[in-house]
Amino acid sequence: MLLYNSLRGKKEEFFPLGKDHVRLYVCGITAYDYCHVGHARSAVVFDVLVRYLCFKGWKVTFVRNFTDIDDKIIKRAAAEGLSAAEVAEKYIAAFYEDMDLLGILRADHEPRATEHIPGMIRLSQRLIEKGYAYATAQGDVYFRVRTFEGYGRLSGRNIEELRSGTRVEPGEQKEDPLDFALWKAAKPGEPFWPSPWGEGRPGWHLECSVMSEELLGLPLDIHGGGQDLAFPHHENEMTQSMAATGGEFARFWVHNGFVQVNAEKMSKSLGNFTTIRDILANFLPEVLRFFLLTKHYRSPLDFSFDSMEETEKALQRIYQTMALLREHGARTKWSNSALPPELEEELSGLENDWTRAMEDDLNTAGALGHVFGAVRLANRMLENKGWQKSTPSRDLGARILADLHYWGQALGLFQAEPQAWLTGLKDSRVRRKGLDVVRVEELLAVRQQARQAKDFEQADAVRQSLLDMGIEARDTPAGQVWDVA
RNA sequence: GGCGGCAUAGCCAAGUGGUAAGGCAGCGGUCUGCAAAACCGCGAUUCUCCGGUUCAAAUCCGGAUGCCGCCUCCA
């Protein structure tokens, strides 16, 4: 498959270095607050990548870390009156709650920075021995950026340009403003670990270098994360690892694009973020997951509740067709009439298109378009009175259902039992709109009676008042049903 | 200022140099007591603009304009 490699700025054919074994490392969260849509996107994108790599028959070892010690956690701990460890614990637990709902598979290893302090100290020592790093009198250890040939390769920067952007915090004893911290001396009241340079804590970039090497071995096949991590985090991570080992760090760098709000990046600092739990209070988790896959993973994606409602309808359409296909498959009488061969050919085409989209840099948006192609095909077949009872239609229907299930496994969608899902959707909408179900049922009963009495004037009047409440009454062969408009 | 990305119908969005997927909304038809759902049909002679390469460009090259991101913590 083709994957866009940030290292070279183009799509490249991906294959694992070990014959059938992909080693994948993705930067997880810093556990200091609830996750927002941006975190969800990153998690979903790499979840789909893992699922798809597995589909291709490769064995995947996936590592996703937690940063459980850093400035923001310490700050948050002070604000919440907890220890840094307690803050990390709390938000890691919240992460699992949110991500489990979104259908994010657990990684094979989910290490925390604080579990790898000895390794980080060893890596720092290695770098000092090689002359790439130095310790200051006050117990900080910095990486000497200028000693590393090619710094800036990943993020497309050169050292001279970076110069202007850097600044030195008061009290820092850097040799050069560009140098970044490997180890930070503890300030009073901060959590610390003993080290050859005194009590302190690791810098941010170090953990990923250490954990990826220890758990997967270098070079990694793929290293992933959000676009905003490319610089400085990934650049520094790559630099220190390559300096230490003298070899390659990661063969492919994959970066997902941002979630935006009104065309601006959703971020903590701008305060324009919506948490996953805010969304799940109003929408089914699968709707959010689907939404996050409706655009190519490298492009910016604008989030809004309006888009969520739109996505909800689109996903509902797929489940509705799945429900119809289930019903259709459960028929007991079949005729021998034929089905035009084009239908099967069309489906084969869609199957190929789906795979081609996924093979092309994980184009989930394109792939979803082809899923709808299959939905339309199914509906067309089910609707046709000449076809719907035929044995070939039974087989084609089963094949479409199997395709939807298969595609959905790779995307982490469409796995629910259709009727149950549709019922869940209705409940979710009722809750969101604060509807009074008892009142709705009463009105429906009135309309039912009026209809039976052929008093269509009253029946329509009732339907109008239901509509005013946001309820749509529908008459089907099976009787009256309703849905949230 | 440096580097990078994006500009496709009312909105969202895919698009491998060969003549514009799909979703939402809208309109017409089938179905229906009337509707809804579903299906069928309609909708960009055109892909921000201007040049260039080519038999052929939304797709490649150059330029302009606009928006965004990174350069500082950030998925």
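Proteins come first, then strands; the chains are lettered A, B, ... in the order of their sequence lines, and each starts at number 1.
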Margin query: Aromatic contact between A/Tyr142 and A/Phe180, with the criterion being ring centroids under 6.0 Å apart: yes or no?
Written below: no
note: A/Met266, atom CE; B/C74, atom P; distance rounded to Å ~ 18 Å
- Checking all strands, does A/Asp353 fall into the base, sugar-phosphate, or nothing category for heavy-atom contacts under 4.0 angstrom? nothing
Applying the 3.5 Å cut-off to both distances, the Watson-Crick or G-U partner of B/C70 turns out to be B/G2
Closest of B/G2, B/A35, B/A13 to the A/Ala365 side chain is B/A13
Closest of B/G23, B/U16, B/A75 to the A/Arg376 side chain is B/G23
Neighbour count above 12 (heavy atom, 6.0 Å) for A/Asn262 CG = no
Among B/A36, B/G69, B/C24, the one nearest any side-chain atom of A/Glu472 is B/A36
field: Residue-phosphate contact under 4.0 Å: A/Asn379 side-chain N/O, B/C39 OP1/OP2
entry: yes
(message) Once you apply a heavy-atom cut-off of 4.0 Å, does A/Ala473 come out as touching a base, just sugar-phosphate, or nothing?
(response) base
| message | Side-chain N or O of A/Lys268 versus OP1/OP2 of B/A75: is the shortest distance under 4.0 Å? | response | no
Is there side-chain contact between A/Arg376 and A/Arg317, with at least one heavy-atom pair below 4.5 Å? yes
- Just checking A/Ser269: base, sugar-phosphate only, or nothing, at a heavy-atom cut-off of under 4.0 Å? base
>> Within the 4.0 Å heavy-atom criterion, would you say A/Val481 contacts the bases, only the backbone, or no part of the nucleic acid?
In response: nothing
Looking at the base of B/G15, is there any donor atom on it, or on the side chain of A/Asn363, that sits under 3.5 Å from an acceptor on the other one? no
Which of B/C39, B/G33, B/A75 is nearest the side chain of A/Lys265? It is B/A75
Open item on the list: Taking any heavy-atom pair under 4.0 Å as a contact, classify A/Gly369: base, sugar-phosphate, or nothing.
Closed with: base
Nearest heavy-atom contact between A/Asp179 and A/Arg144 is OD1-CA, 3.5 Å
| Within a reach of under 6.0 Å around CD of A/Glu13, are more than 12 heavy atoms found that belong to other residues, nucleotides or ligands? | yes
When rounded to whole Å, the CG to P distance for the pair A/Asn352 and B/G15 reads 18 Å
By nearest-nucleotide position on RNA chain B, the 5'-leaning member of A/His370 and A/Leu270 is A/His370
Review point. Using atom C1' of each nucleotide, how far apart are B/A37 and B/G29 to the nearest Å?
Key: 16 Å
> What does A/Gln260 touch in the nucleic acid at a heavy-atom separation under 4.0 angstrom: a base, only the sugar-phosphate, or nothing?
Replying inline: sugar-phosphate
Re B/C47: Watson-Crick or G-U wobble partner, both distances kept under 3.5 Å, found to be none
Closest to the side chain of A/Trp204, out of B/C73, B/C39, B/C11, is B/C73
Paired to B/C24 by Watson-Crick or G-U wobble criteria (both distances under 3.5 Å) is B/G10
Distance criterion of 3.5 Å, no angle test: do you see the side chain of A/Glu310 paired donor-to-acceptor with the base of B/G23?
yes
Considering only the C1' atoms, how many Å lie between B/A21 and B/C12, rounded to the nearest integer?
-> 14 Å
**Request:** Determine whether more than 12 heavy atoms belonging to other residues, nucleotides or ligands lie under 6.0 Å from atom CD of A/Glu417.
**Result:** yes
In Watson-Crick or G-U wobble terms, with both distances under 3.5 Å, the base opposite B/G17 is none
Here the distance between atom P of B/A37 and atom CG of A/Leu467, to the nearest Å, is 11 Å
A/Glu383 has its side chain closest, among B/A75, B/A14, B/A38, to B/A38
Paired to B/U30 by Watson-Crick or G-U wobble criteria (both distances under 3.5 Å) is B/A38
Taken to the nearest whole Å, NZ/A/Lys75 to P/B/C73 is 13 Å
| message | For the P atoms, the ones on B/A13 and on B/G23, what distance do you get once it is rounded to whole angstrom? | response | 16 Å
From CG of A/Leu362 across to P of B/G15 the rounded distance in Å is 12 Å
Winner on side-chain proximity to A/Arg317, out of B/C68, B/C73, B/C24, is B/C24
B/C60 -> Watson-Crick or G-U wobble partner, both distances under 3.5 Å, gives B/G52
query = How far does the P atom of B/A14 sit from the matching atom of B/C73, given to the nearest Å?
reply = 31 Å
Next on the checklist: Side-chain N or O of A/Lys295 versus OP1/OP2 of B/A13: is the shortest distance under 4.0 Å?
Outcome noted: yes
Which is true for A/Phe456 with a 4.0 Å heavy-atom rule: it touches a base, it touches only sugar-phosphate, or it touches nothing? base
Among B/A37, B/C73, B/A75, the one nearest any side-chain atom of A/Arg474 is B/A37
Note to self: Just to be sure I understand the rule, does A/Arg380 reach a base, reach only the sugar-phosphate, or reach nothing, if contact means heavy atoms closer than 4.0 Å?
What the structure shows: sugar-phosphate
### Message
When the C1' atoms of B/U8 and B/G1 are compared, how many Å lie between them, rounded to an integer?
### Response
32 Å
Of the candidates B/A14, B/A75, B/A38, the side chain of A/Gln320 sits closest to B/A38
TODO: Can you tell me, in whole Å, how much space there is between the P of B/A75 and that of B/A64?
DONE: 35 Å
Next on the checklist: Under 4.0 Å, heavy atoms only, any strand: does A/Phe231 hit a base, just the sugar-phosphate, or nothing?
Outcome noted: sugar-phosphate
With sequence neighbours left out, the residues meeting side chain to side chain contact (heavy atoms under 4.5 Å, CB included) with A/Arg394 are A/Trp334, A/Thr391
For a quick check of understanding: with a heavy-atom distance under 4.0 Å over all strands, which category does A/Gly373 fall into, base, sugar-phosphate or nothing?
nothing
- Query: Got more than 12 heavy atoms from elsewhere within 6.0 Å of NZ, A/Lys389?
  - Reply: no
Taken to the nearest whole Å, CG/A/Asn236 to P/B/C71 is 12 Å
Sorted by chain and number, sequence neighbours left out, salt bridge (charged side-chain N to carboxylate O under 4.0 Å, His left out) with A/Glu344 holds for A/Arg399
| Above 12 or not: heavy atoms from other molecules or residues under 6.0 Å from CZ of A/Arg439? | no
Would a line drawn from the ring center of A/Phe291 to the ring center of A/Phe283 be shorter than 6.0 Å?
no
Check: Is it true that atom CZ of A/Phe15 has more than 12 heavy atoms of other residues, nucleotides or ligands lying nearer than 6.0 Å?
Finding: no
In numerical order, the residues of residues 441-454 of chain A whose heavy atoms come under 4.0 Å of RNA chain B are A/Arg447, A/Arg451
C1' gap between B/U45 and B/A38, integer Å
32 Å
Out of B/G23, B/A75, B/C71, minimum distance to the side chain of A/Asn256 belongs to B/A75
So does A/Asp475 reach the base of B/C34 with its side chain, donor to acceptor, closer than 3.5 Å?
yes
Note to self: Does A/His296 reach a base, just sugar-phosphate, or nothing at all? Heavy atoms under 4.0 Å.
What the structure shows: sugar-phosphate
* Euclidean distance for P, B/U65 against B/C74 (whole angstrom) -> 34 Å
